[in-house]
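Throughout, numbering of the chain's residues begins at 1 and tracks the sequence. Indexing begins at 1, ligand by ligand and atom by atom, following the structure's order.
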Amino acid sequence: MNSGGWFHLLPNASANARPLDELWWAMVGLCAVVAIGVFVVMFVFCIRYRKGRPADRHLAKDTLPVELTWTVVPFLIFMGVFVWSLTLYAHSRTPPSNAETIYVVAKQWMWKIQHPGGQREINTLHVPMGVPIRLMMTSQDVIHSFYVPAFRVKQDVLPDRYTQLWFTATQVGDYTLYCTQYCGLDHSKMGGQVIVMPPRAYARWLDRNNTGTSLAARGAALFRAKGCSGCHGANASVHAPDLDGIYGRIVHLSDGTTVAADDLYIHDSIMLPDKQIVAGYAPIMPSFSGELSEGDVLALIAYLKSTQPGVQPAHEGTKP
Ligand code: HEC
Ligand SMILES: [Cu+2]
């Protein structure tokens, strides 16, 4: 794959860069052909039918064939562009099942990255080349947007929502990361670098930055330190649901509806506990919004994911 990208406009550093560029150039080409065609016809007609020129100015009797042509042909072209871009879009929105997840929290004005192994970094994101990477993103404050032009990926990052993005980097190097939602005073400085490394160098980088505490283990420590285990633990005197193996469980709520316990449900249970009350329980859980950062909540979710019903969960210092 060439490093300069098509016509060297932008580096071409992810697997979906080239297909997207092809679509873009096809549309530029199509627009150019149409624009040039319209201008050529306009000039020809200006000359041929100019004032005083003896030309046949009567409409053709049977205009149906030409009307059908200029309706059906553009329709087919538009449908072609639609199907082509829809295919690319669907692909870009669906991370493959073997993608590695890395967590991103945006805040005024920095990018905080957490790797599942517990490695943390700010305004840099180290990723291995050739491995599909899925970013799970949320914001600590206002709307931000994660944009890496060389990868042709961009996704808004919203408070109280999880949005995701995926890419497979195809070239070793440093690529600029931008925030592309105006997010306050230092918005223009809110950027960073995505550092693409060969997989072995990446593994060494992970080792060097190993904190000894995986994300799930940090979550387990928070679960005790913040008093969650006091209510949700096995020996709690409070009537609260057992959280072991909660991830993916179907939960019955007090308003009669059911939800699947996904990342956002667990996030909201912690930060906005009044939003959804589990059927059969009193709404006594305090809100931890303001007390826990979004990064902490991601650690708690990672911990709850690592638990299984009736199985002793991950402890501090162990990997999930
Ligand atoms: C004062 C006791 C108490 C504390 C402290 C507490 N919870 Fe809860 N929690 C509850 C109760 C009661 C419910 C069920 C009622 C509801 O949905 O609010 C609940 C519900 C939940 C649910 C949804 C459970 C389900 O089955 O759908 C999650 C997830 C949760 N808590 C996580 C946490 C975490 C993480 C912490 C610590 C940061 C925590 N809780 C702290 C009492 C508590
Ligand atoms: Cu921003």
Side-chain angles (χ1 to χ4, degrees), residues 104-112 122-123 137-148 154-159 163 177-192 215-216 218-307 309 313:
V104 177
V105 177
K107 62 177 285 192
Q108 288 169 323
W109 289 275
M110 63 181 86
W111 297 99
K112 291 180 146 188
I122 288 180
N123 292 343
M137 307 190 291
T138 188
S139 164
Q140 186 77 50
D141 37 50
V142 299
I143 301 177
H144 301 274
S145 189
F146 185 99
Y147 180 36
V148 185
K154 177 157 129 188
Q155 171 63 52
D156 276 6
V157 179
L158 313 171
T163 52
L177 152 69
Y178 297 93
C179 176
T180 53
Q181 283 288 358
Y182 179 60
C183 59
L185 194 62
D186 280 345
H187 159 69
S188 61
K189 294 181 195 147
M190 182 169 169
L215 191 61
R218 194 161 80 77
L222 281 167
F223 196 74
R224 283 190 302 274
K226 294 292 173 182
C228 317
S229 55
C231 289
H232 289 286
N235 305 318
S237 51
V238 182
H239 182 51
D242 174 13
L243 298 184
D244 288 352
I246 181 177
Y247 193 80
R249 193 189 284 167
I250 302 296
V251 180
H252 296 267
L253 299 176
S254 58
D255 64 3
T257 58
T258 54
V259 287
D262 58 5
D263 304 78
L264 188 63
Y265 171 76
I266 296 177
H267 171 279
D268 289 352
S269 295
I270 301 169
M271 302 301 253
L272 314 158
D274 292 340
K275 189 176 148 194
Q276 290 161 314
I277 307 293
V278 185
Y281 293 91
I284 52 163
M285 178 166 157
S287 166
F288 286 85
S289 124
E291 194 177 338
L292 292 171
S293 71
E294 291 296 337
D296 294 340
V297 175
L298 285 168
L300 281 165
I301 295 174
Y303 160 67
L304 290 176
K305 273 185 192 170
S306 76
T307 62

Decide whether the shortest distance between a heavy atom of Gly230 and an atom of ligand 1 is less than 4.0 Å. no
Do Gln108 and Asp186 have side-chain N/O donor and acceptor atoms under 3.5 Å apart?
no
#### Entry: Thr258 (side chain) donor-acceptor with His252 (main chain) under 3.5 angstrom
no
shortest atom 19 (C) of ligand 1-to-protein heavy-atom contact is with His232 CE1, 3.3 Å
Is Ala261 in contact with ligand 1, taking contact as a heavy-atom separation below 4.0 Å?
no
Within the 4.0 Å heavy-atom cut-off, what Leu243 brings close to ligand 1 is side chain
Row for the Cu ion (ligand 2): angle SG (Cys179) to SG (Cys183), 10° precision, value 120°
Check whether any N, O or S atom of Cys228 sits under 2.8 Å from atom 8 (Fe) of ligand 1.
no
(message) Closer than 2.8 Å to atom 8 (Fe) of ligand 1: does that hold for any N, O or S atom in Ser269?
(response) no
Closest to the Cu ion (ligand 2), among the N/O/S atoms of His144, is atom ND1
Note: Ile246, heavy atoms under 4.0 Å from ligand 1, region reported as side chain
Practice prompt. Using distance alone, with no hydrogens and no angle criterion, decide if Tyr247 and Asp263 have a side-chain donor and acceptor under 3.5 Å apart.
Written response: yes
- Query: In terms of ring plane angle, is the pair Phe223 and His232 parallel, tilted or perpendicular, where the classes change at 30° and 60°?
  - Reply: tilted
After noting the C-alpha distance and the side-chain angles of Asp156 and Gln181, does the key distance pass the side chain to side chain donor-acceptor pair (under 3.5 Å) rule?
CA-CA 8 Å; Asp156 276 6; Gln181 283 288 358; 2.9 Å; yes
Ranked by distance from atom 16 (C) of ligand 1, the top protein heavy atom is Val278 N, 3.8 Å
